[in-house]
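Taking it in order: structure first as structure tokens, then the write-up.
Numbers restart at 1 for each chain; the letters A, B, ... are given by sequence-line order, proteins then strands.
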Amino acid sequence: MPSITFIHHDDRAETVSANDGDSAMYTALLHGIDGITGECGGGAVCATCHVYVDDSWLGKVGTVGADEDELLEGVASERLPNSRLSCQIKITEALDGLVLRLPERQV
Amino acid sequence: MVATVTTASPHTPPVLSFGGALPNDASSQPVVHLDVDPFAMDFFADPHPTHEVLREAGPVVYLDKWNVYAVARYAEVHAVLNDPATFCSSRGVGLSDFAREKPWRPPSLILEADPPAHTRTRAVLNKVLSPAVMKQLRDGFAAAADAKVDELLERRSFDAVADLAEAYPLSVFPDAMGLQKEGRENLLPYAGLVFNAFGPPNQLRQDAIERSAPHQAYVAAQCQRANLAPGGFGACIHARVDTGDITADEAPLLVRSLLSAGLDTTVNGIGAAVYCLARYPEEFARLRSDLSLARNAFEEAVRFESPVQTFFRTTTRDVEISGCHVGEGEKVLMFLAAANRDPRRWADPECYDITRKTSGHVGFGSGIHMCVGQLVARLEGEVMLSALARKVVSIEITGDVKRRFNNTLRGLESLPVTFTPA
């Protein structure tokens with residue numbers, strides 16, 4: 001099972017196992033990671049599962065879709081070049097070790 | 001209400017008035033038939049015991065009263081919501097099957113549509129109601145909530161339905177839509193009509209449709225481009241005609257969707273939240289000590305009360321739901337409220353807990369048809385609960401609580417309360 005490390009805004013790190021095919025958002029909710037809200041349950045509506053992808057992983061998590069790009073304009077914390085919605089990051093074995101930083105707030 | 005339970009084995013003729021017969025397939029589980037009318041007044045008065053009967057009878061049940069299959073457990077409700085190819089919306093999301101009956105109004109281009117048609121219209125409304133748009137609305141909605149609570153504190157005692165749950169959304173949503181000032185009194189009756197019309201042909205539905213002509217005429221006129229103020233949601237929808245995303249004929253119907261579902265739902269959501277905070281003062285105290293809980297306190301009220309109780313889908317093929325066979329062309333009733341209190345999914349489901357991890361509740365639906373206005377609802381709910389928590393120390397129920405009856409919506413007719421200022 002691929003592992004994902006979520007680094008909270010206060011630098012606390014939590015590493016969890018993900019199911020192949022789940023989204024990073026779903027993985028976070030499954031493990032009770034505070035800092036991912038996921039109000040719309042993965043419907044790409046709410047922009048409350050914002051993450052900053054660690055630079056070393058940016059090339060591997062795929063690109064930002066057009067709808068995601070618009071949603072990212074509405075995130076509560078600052079949008080940065082490595083901002084993604086974690087509901088749009090699908091976990092595969094290739095992402096084993098992925099590091100995602102959590103913004104200060106989601107709403 | 002007493003529910004009588006009879007089990008139809010796969011080898012006895014199923015009690016079906018239309019559609020395909022249940023198969024003589026030994027691998028299929030029998031579907032339990034229940035004598036339950038979930039659109040009857042005594043059911044509406046207290047649906048929870050019957051919701052439990054529906055959940056515990058099996059993963060799929062059959063309601064002989066209306067000849068429909070039904071799912072009431074979280075897993076099955078979630079599964080049906082998330083398989084729109086098998087459980088379609090284009091044959092209507094009420095009891096009426098548009099393949100057999102003429103719809104009472106032209107079908108919605110988003111609610112009563114399937115991909116790929118739905119995908120295009122949904123994208124337009126997603127953009128009109130996006131997180132970025134909510135950021136722009138936030139300060140104004142918050143100021144209006146503060147002003148409303150200040151006004152109510154001067155009165156101290158009032159009806160929290162008419163004077164708060166209805167008055168606050170009415171003070172922000174029609175302006176955000178860009179509606180004209182005249183005729184807004186039609187909005188709530190029109191929404192009540194729409195949600196009654198999803199139900200069976202009972203008295204509630206028939207009365208609503210009989211009285212609908214003036215409300216329908218108002219809404220039809222308000223959906224026209226010329227009647228919608230610049231900058232509002234309505235004008236933003238019409239602007240998508242200019243970009244080629246939708247046609248000029250489609251725009252008014254998409255505006256109609258927001259007028260149908262954008263107001264009464266938030267009225268009942270905010271009403272549910274105030275009713276919860278009045279009944280659970282310890283939760284109100286927690287909210288007052290941590291204002292950051294306001295948004296989740298609203299979300300939990302939506303799970304707990306489920307202002308939208310039910311929707312239907314129609315099967316596009318023979319399908320097994322958790323081992324139960326359902327034929328093609330069958331209506332499947334989803335009990336969102338029962339799913340939101342399914343003990344298989346929720347710890348202490350009967351408990352209103354403002355710190356609960358609410359993600360995944362189906363009070364706004366789930367999947368491609370999940371409430372397109374959910375961000376507007378949450379914004380209104382959050383800023384109102386935040387205003388209450390800052391300005392009010394206690395909400396006391398000081399009179400008879402009266403329920404309002406609707407085939408789809410759950411909410412109150414009257415909630416007399418007294419506020420004590422902080």
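From Leu291(B), atom CG reaches atom CG of Leu388(B) across 11.0 Å, with rounding to the nearest 0.5 Å. The CD1 atom of Ile237(B) lies 6.0 Å from the CG atom of Leu254(B); values are rounded to the nearest 0.5 Å.
The residue among Val107(A), Leu29(A), Leu71(A) with the most heavy atom pairs within less than 4.5 Å of chain B is Val107(A). The greatest number of non-hydrogen atom pairs below 4.5 Å with chain B, out of Cys46(A), Gly42(A), Gly41(A), Ala44(A), is found for Cys46(A).
Aromatic ring pairs are classed by plane angle as parallel below 30°, tilted from 30° to 60° and perpendicular above 60°; the pair Phe173(B) and Phe233(B) is tilted.
Other residues, nucleotides and ligands contribute at most 12 non-hydrogen atoms within 6.0 Å of the CG atom of Asp348(B).
Checking side-chain atoms of Glu112(B) against main-chain N and O of Ser108(B) turns up a donor-acceptor pair under 3.5 Å. Judged by distance alone, the side chain of Tyr168(B) and the main-chain N or O of Phe141(B) form a donor-acceptor pair under 3.5 Å.
When side chains are defined from C-beta on, Val16(A) does not count as touching Leu30(A), because their heavy atoms never get closer than 4.5 Å.
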Give me a line-by-line list of donor-acceptor atom pairs from chain B to chain A that are under 3.5 Å apart, or tell me none exist.
| unit_1 | atom_1 | unit_2 | atom_2 | d |
| --- | --- | --- | --- | --- |
| Lys135(B) | NZ | Val75(A) | O | 2.6 |
| Arg295(B) | NE | Glu39(A) | OE2 | 2.5 |
| Arg295(B) | NH2 | Glu39(A) | OE1 | 3.0 |
| Lys357(B) | NZ | Asp34(A) | OD1 | 2.9 |
| Ser359(B) | OG | Gly38(A) | O | 2.8 |
| Arg378(B) | NH1 | Glu39(A) | OE1 | 3.4 |
| Arg378(B) | NH2 | Glu39(A) | O | 3.1 |

